[in-house]
Enquirer: 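Let me begin by handing over the structure; questions about it come next.
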Amino acid sequence: LASGDPRTLILRVGDYELRLEDLQEELLRAQARGAAPAALDDVVELVEDRRMRELAHREALAGGLTLDPAIEAELASLEDRALASARLRELLAEALEGDAGRLAAFYDRNRRRYSTPLRLRLTALTVPLTATADRDMARLEALERELENKEWTLEEAAAELGATLEDLGWQTLAEIQRRSVRAGILALGLEPGGHSPPYRTQNGLELLYCAERENPRPLPYDEARSRVVDDLLAQSGAELVASLQDEVLRAARFRLVTGAVERLATGR
């Protein structure tokens with residue numbers, strides 16, 4: 001998308017192809033309806049929506065269904081509304097960006113929200129689930145104490161149990177919890193050089209080794225500003241929309257012609 005070459009192929013689903021020039025034409029038509037996105041992320045989201053629509057269309061055809069023109073029109077309308085919503089959010093964000101005092105006040109009231117996440121550099125030792133799972137768990141529990149006392153290395157423990165070692169790299173708690181909710185809970189208390197108690201996952205028995213830990217640190221206002229905008233939009237979006245509507249109406253300079261209104265009301 002960023003290349004600017006009109007012939008760049010952006011999307012292919014079956015025999016459907018979307019090139020940059022086709023997308024530009026669509027965006028121009030959407031712009032004429034006041035629904036065109038301005039941010040690159042919004043355009044990428046539009047392409048992803050198109051990909052999903054084409055996949056759904058092919059699934060429907062494979063099942064013997066045909067797309068009713070009314071449904072096609074409704075899909076186009078939904079797409080327009082989604083684009084208009086993205087554009088509205090962009091306008092509101094621009095309005096907030098211009099109100100530095102309000103943003104700074106919101107940041108000051110909610111400083112605890114704005115910090116870097118806890119991060120841990122982890123290695124996972126995983127024993128496959130077998131008929132000897134209970135025995136393996138008991139051995140892992142003993143190994144955890146031996147590892148803490150430096151009697152064993154992770155590599156030696158993995159070799160004894162037929163386990164695998166996986167370097168997970170730096171992980172936030174949210175990323176660890178996607179692996180296992182239990183792992184996320186146990187990881188909270190890990191310090192560098194420490195091992196978690198063993199726990200069961202869908203794939204096996206596991207324990208974590210922590211090599212490094214980065215505790216959360218407060219974010220200065222300049223670094224947190226984009227998150228402050230997002231949070232203030234989420235909290236005060238309706239109020240901001242009303243304010244924007246009032247601004248648009250004031251700028252339109254409507255003039256009420258009393259006689260015309262009376263004639264319309266009475267039908268004369």
Enquirer: Between Tyr199 and Leu207, what is the shortest heavy-atom contact and its length?
Expert: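 Residues Tyr199 and Leu207, closest heavy atoms: CE2-CA, 4.1 Å.
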Enquirer: Considering all heavy atoms of both residues, which atom of Ser180 and which atom of Thr201 are nearest to each other, and what is their separation?
Expert: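 Heavy-atom minimum between the residues: CB-CG2, 4.3 Å.
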Enquirer: Would you say Gln177's side chain and Ala174's backbone share a donor-acceptor pair under 3.5 angstrom?
Expert: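 No; zero donor-acceptor contacts below 3.5 Å.
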Enquirer: Could you pull out all residues at least two apart from Tyr221 that satisfy ring-ring contact (aromatic ring centres under 6.0 Å, His included)?
Expert: Tyr107
Enquirer: First locate atom CD of Glu206, then atom CD of Glu166, and finally report the distance between them rounded to the nearest 0.5 Å.
Expert: 7.5 Å
Enquirer: For a quick test of reading the model, state the closest non-hydrogen atom pair linking Leu165 to Ala158 and the distance between them.
Expert: CG-CB, 3.9 Å
Enquirer: Is the shortest side-chain N to carboxylate O distance from Arg58 to Glu54 below 4.0 Å?
Expert: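 Yes.
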Enquirer: Output all residues satisfying salt bridge (Lys or Arg N to Asp or Glu O under 4.0 Å) with Asp222, sequence neighbours left out; order by chain, then residue number.
Expert: none
Enquirer: After noting the C-alpha distance and the side-chain angles of Leu168 and Leu208, does the key distance pass the side-chain contact (heavy atoms from CB on, under 4.5 Å) rule?
Expert: CA-CA 10 Å; Leu168 303 181; Leu208 298 174; 4.1 Å; yes
Enquirer: I'd like to know if Arg139 pairs up with Glu146 as an ion pair, taking the criterion as any Lys NZ or Arg NE/NH1/NH2 lying under 4.0 Å from an Asp or Glu carboxylate oxygen.
Expert: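 Yes.
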Enquirer: Given a cutoff of under 4.5 Å between side-chain heavy atoms of I, L, V, M, F, W and Y, with clusters grown through shared members, what are the other residues clustered with Val181?
Expert: Ile185
Enquirer: According to salt bridge (Lys or Arg N to Asp or Glu O under 4.0 Å), who are the partners of Asp136, at least two apart in sequence or on a separate chain?
Expert: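 So Asp136 forms no salt bridge (Lys or Arg N to Asp or Glu O under 4.0 Å) with any residue.
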Enquirer: For the atom pair CD (Glu223) and OG1 (Thr116), what is the distance rounded to the nearest 0.5 Å?
Expert: 9.0 Å
Enquirer: For Pro192 versus Ala211, what's the shortest heavy-atom pair and its separation?
Expert: CB-O, 3.6 Å
Enquirer: Answer yes if Leu120 and Leu188 sit in the same cluster of Ile, Leu, Val, Met, Phe, Trp and Tyr residues linked by side chain heavy atoms under 4.5 Å apart, and no otherwise.
Expert: yes
Enquirer: Could you please spell out the steps behind the side-chain contact (heavy atoms from CB on, under 4.5 Å) verdict for Leu122 and Leu190?
Expert: CA-CA 10 Å; Leu122 300 172; Leu190 286 179; 4.1 Å; yes
Enquirer: Would you please name every residue forming a salt bridge (Lys or Arg N to Asp or Glu O under 4.0 Å) with Glu155, sequence neighbours left out?
Expert: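 Partners of Glu155 by the salt bridge (Lys or Arg N to Asp or Glu O under 4.0 Å) criterion come out as none, since no residue qualifies.
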Enquirer: Going by atom types only, do Arg213 and Asn215 share a side-chain donor-acceptor pair under 3.5 Å?
Expert: yes
Enquirer: Can you list everything that forms a salt bridge (Lys or Arg N to Asp or Glu O under 4.0 Å) with Glu141? Sequence neighbours excluded, please.
Expert: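 In terms of salt bridge (Lys or Arg N to Asp or Glu O under 4.0 Å), with neighbours along the sequence ignored, Glu141 is linked to no residue.
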Enquirer: Using only atom types and a distance under 3.5 Å, with no angle test, would you say the side chain of Arg227 pairs donor to acceptor with the backbone of Arg113?
Expert: yes
Enquirer: Could you walk me through whether Leu140 and Leu125 satisfy the side-chain contact (heavy atoms from CB on, under 4.5 Å) test, starting with their C-alpha distance in whole Å, then the side-chain angles of each, then the deciding distance to 0.1 Å, before giving a yes or no?
Expert: CA-CA 10 Å; Leu140 269 177; Leu125 183 150; 3.8 Å; yes
Enquirer: Between atom CD of Glu156 and atom CG of Leu161, what is the distance when rounded to the nearest 0.5 Å?
Expert: 12.0 Å
